[in-house]
Protein chains: 2
Amino acid sequence: MGTVSNVLNRPDQVSEQTRARVQAAIEILGYVRSESARQLRAGRSRMLGLLVTDTGNPFFAALARGTEEAAVRAGLGVMVCNSAESPSAEQAYLSLFAEQRMRGVLLAPVDSHGAPWHVLSRQNIPCVVVDRAVGEDEVCSVAADDVLGGLLAGRHLLKAGHRRIAYVRGPEQLRQVRDRRDGLLRAVREAGMSADTVVDVPVHRHDVRSGRDAGHRLIGLSPRPSAVFCANDLLALGIMQTVFDAGVRVPDDLAVIGYDDIEFAEACLIPLTSVRHPAAEIGRLAAELLLKELDPAPEGHRHESIVLQPELVVRRSTVPRA
Amino acid sequence: MGTVSNVLNRPDQVSEQTRARVQAAIEILGYVRSESARQLRAGRSRMLGLLVTDTGNPFFAALARGTEEAAVRAGLGVMVCNSAESPSAEQAYLSLFAEQRMRGVLLAPVDSHGAPWHVLSRQNIPCVVVDRAVGEDEVCSVAADDVLGGLLAGRHLLKAGHRRIAYVRGPEQLRQVRDRRDGLLRAVREAGMSADTVVDVPVHRHDVRSGRDAGHRLIGLSPRPSAVFCANDLLALGIMQTVFDAGVRVPDDLAVIGYDDIEFAEACLIPLTSVRHPAAEIGRLAAELLLKELDPAPEGHRHESIVLQPELVVRRSTVPRA
DNA sequence: CGCCGTTGATGAATCGTTTCATAAATAAGA
DNA sequence: TCTTATTTATGAAACGATTCATCAACGGCG
């Protein structure tokens, strides 16, 4: 019935009397309107999809919070999904998003090859890439300058006098892994030192367990680096734990610097120096970019790439006590 | 067209030839079926709703993973939402779930009063309460035995000779906060000691920041307790950091025991003794209970309450080095 | 008294999928 | 060849909210 719809969506265009009558009926019958019917009629849902590579990582949890905040402000819901770094899971979730006719999608792609968002374009679902820089040709994106982050970390360590620095990192396919190293190497060049100042320590995943592996390998290295730069805080936590256990003092024997500045970096026993990667802000800005792309002029839209500046947060893991 | 539907849902009931023809058309047109139309027809969605009180807490992240796993196995999606411990947000999300005609809902209620799931019952949406024990009258539930958890923690500390134990905890409305204390007090009675062995230290929230507050207050206490039992690991992390900073040695000067056994308890510099609260398993079992309630006999269903046993995980934060 | 303008209520059509009843085509048996 | 049985294809109805065109009611004014 059309009147009911008016009562719910345009209460001012309906007379006081009928409005009351309809409201009463709604109460009595326990009526709850069907979102799927609304969606079907509208042709699109009232949700944003957010697909990240690891929901367990506090970094993405923070990003999701930022997104959600912005979305709720715009009256939209968010569905957060986990591709678990699997390209096939990523594709499956994007298809799901397409079937749900999501209003828009925020995507942290698993790898930097291909354009996984093509499934979405066919349905005219706009997509914003988060936490990865991509060209402005196809989609908007919000990322942080990882080269700068690496540079900041490198300068900090070099200024403190370190001359042998380990770089602990996950799979090289991740652009971030490469960019952060590039930044570190640039700092090394700036300081007029040779590239073999940096010791590469690859691990499989960006998690604490891999950090512990790396820790054991670090202890065995000779000469042992005096500092380690980790591509992610979880790695740094694992490393600190292992080396602390082996009696290596942080920061005196080994300075440790992480990346992302997750909550637990600050909460750590020896608070971790880290490069602050503004997770919540990335999430928020990406959602806002998406909303802008949705809202008024569907045509006159130019894709944007926002790049945020990371920030060095110095804590005790790199600063010996006075 | 009915045939298309058959090709997609019952491909064996359609001839080889037409199937191929339809598939080809689907390819060419880039057809993606509309989930909202399916839902409308079916009268219910193919999703489970999961509403927790803090998506940032790794405990709930783990719980969500368990739920998701079980749901995906059953061909259902999961939408995770965050009530942020606000009863009004909780009610809003439950209404949202009702409008979406969720297949079922997993709920970690904000407080133990009332029955927030009533909005769902009216739509015949089954609800399973997670991580809180409730009677079996209205809904199923999966929780852990928090009294036992407190008991285990208490016995462990008392056996180690502690005679003055702080209990750091968030709002008392949470049943868990009460239960864990009850367990602790039972251990104290068992040991034939008086109830004022336990020093109550209330804080506002179950997070690291509140833990730091508690840490400062602990240091100021006199006589200072020799051990502290925290209602949650995040509190314990905050406490350890603060007291470590102040030169109090853990575990020698102060033994610390947490609750939940989140990933970061083990990853901590001084690994944290904790009561393992089986998050992923709670999530998984709750989802399975929900699926069972959904599946075959809608009527002959009796609500169940599963109570899991927590487990003490002893690490260095309570065991002085030999 | 009748005409017109305004406001508010009504009903039909629509979105895309599924289901079910029916129709057509094919195969088998008499 | 004709009937019956079986497989496969077709068409219409339904789900529930929204929209839009139409219609009724009412007050003002000539």
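Proteins get letters first, then strands, A, B, ... in listed order; numbering begins at 1 in each.
- Taking the six-membered ring for Trp and thresholds of 30 and 60 degrees, A:Phe97 and A:Tyr93 have ring planes inclined between 30 and 60 degrees apart.
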Dump every N/O contact between nucleotides 17-19 of chain D and the protein below 3.5 Å, one line per pair.
residue, atom, partner, partner atom, Å
D:dA17, OP1, A:Tyr31, OH, 2.6
D:dA17, OP1, A:Ser34, N, 3.2
D:dA17, O5', A:Tyr31, OH, 3.4
D:dT18, OP1, A:Asn9, ND2, 3.4
D:dT18, OP1, A:Arg38, NE, 2.7
D:dT18, OP1, A:Arg38, NH2, 3.2
D:dT18, OP2, A:Ser5, OG, 3.2
D:dT18, OP2, A:Asn9, ND2, 3.0
D:dT18, O2, A:Arg41, NH1, 2.6
D:dT19, OP2, A:Arg10, NH1, 3.3
D:dT19, O4', A:Arg41, NH1, 3.2

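- For A:Arg19, the CZ atom counts as densely surrounded, since its 6.0 Å shell holds more than 12 non-hydrogen atoms of other residues, nucleotides or ligands.
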Problem - B:Asp207/B:Arg205 under salt bridge (charged side-chain N to carboxylate O under 4.0 Å, His left out): CA gap, chis, key distance, verdict - result: CA-CA 6 Å; B:Asp207 57 16; B:Arg205 297 180 49 91; 3.5 Å; yes

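- Summarising the geometry, atom CG belonging to B:Asp54 is positioned 6.0 Å from atom CG belonging to B:Asn82; distances are rounded to the nearest 0.5 Å.
- Residues passing the side-chain hydrogen bond (donor to acceptor under 3.5 Å, both in side chains) test with A:Arg175 are A:Asp179, sequence neighbours excluded.
- Listed by chain and residue number, nothing satisfies the side-chain hydrogen bond (donor to acceptor under 3.5 Å, both in side chains) test with B:Asn232 (two or more places apart in sequence, or in another chain).
- A 4.5 Å side-chain heavy-atom check between B:Glu35 and B:Arg46 finds at least one atom pair inside the cut-off.
- Boundaries of the chain B contact region on DNA chain C are C:dG16 to C:dT19, first to last in 5' to 3' order (nucleotide atom under 4.0 Å from a heavy atom).
- Ranked by how close their nearest DNA chain D nucleotide is to the 5' end, B:Arg19 and B:Leu40 are led by B:Arg19.
- When the local axes at the two ends of the helix from C:dC1-D:dG30 to C:dA30-D:dT1 are compared, using 5 base pairs at each end, they differ in direction by 60° after rounding to 10°.
- Legend: salt bridge (charged side-chain N to carboxylate O under 4.0 Å, His left out) pairs involving residues 57-76 of chain A, not counting sequence neighbours, sorted by first then second residue: A:Arg73-A:Glu288.
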Problem - Trace of the side-chain contact (heavy atoms from CB on, under 4.5 Å) decision for B:Asp111 with B:Leu174 - result: CA-CA 6 Å; B:Asp111 58 34; B:Leu174 283 176; over 6 Å; no

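- Atom CD of B:Glu293 sits about 7.5 Å away from atom CG of B:Leu289, to the nearest 0.5 Å.
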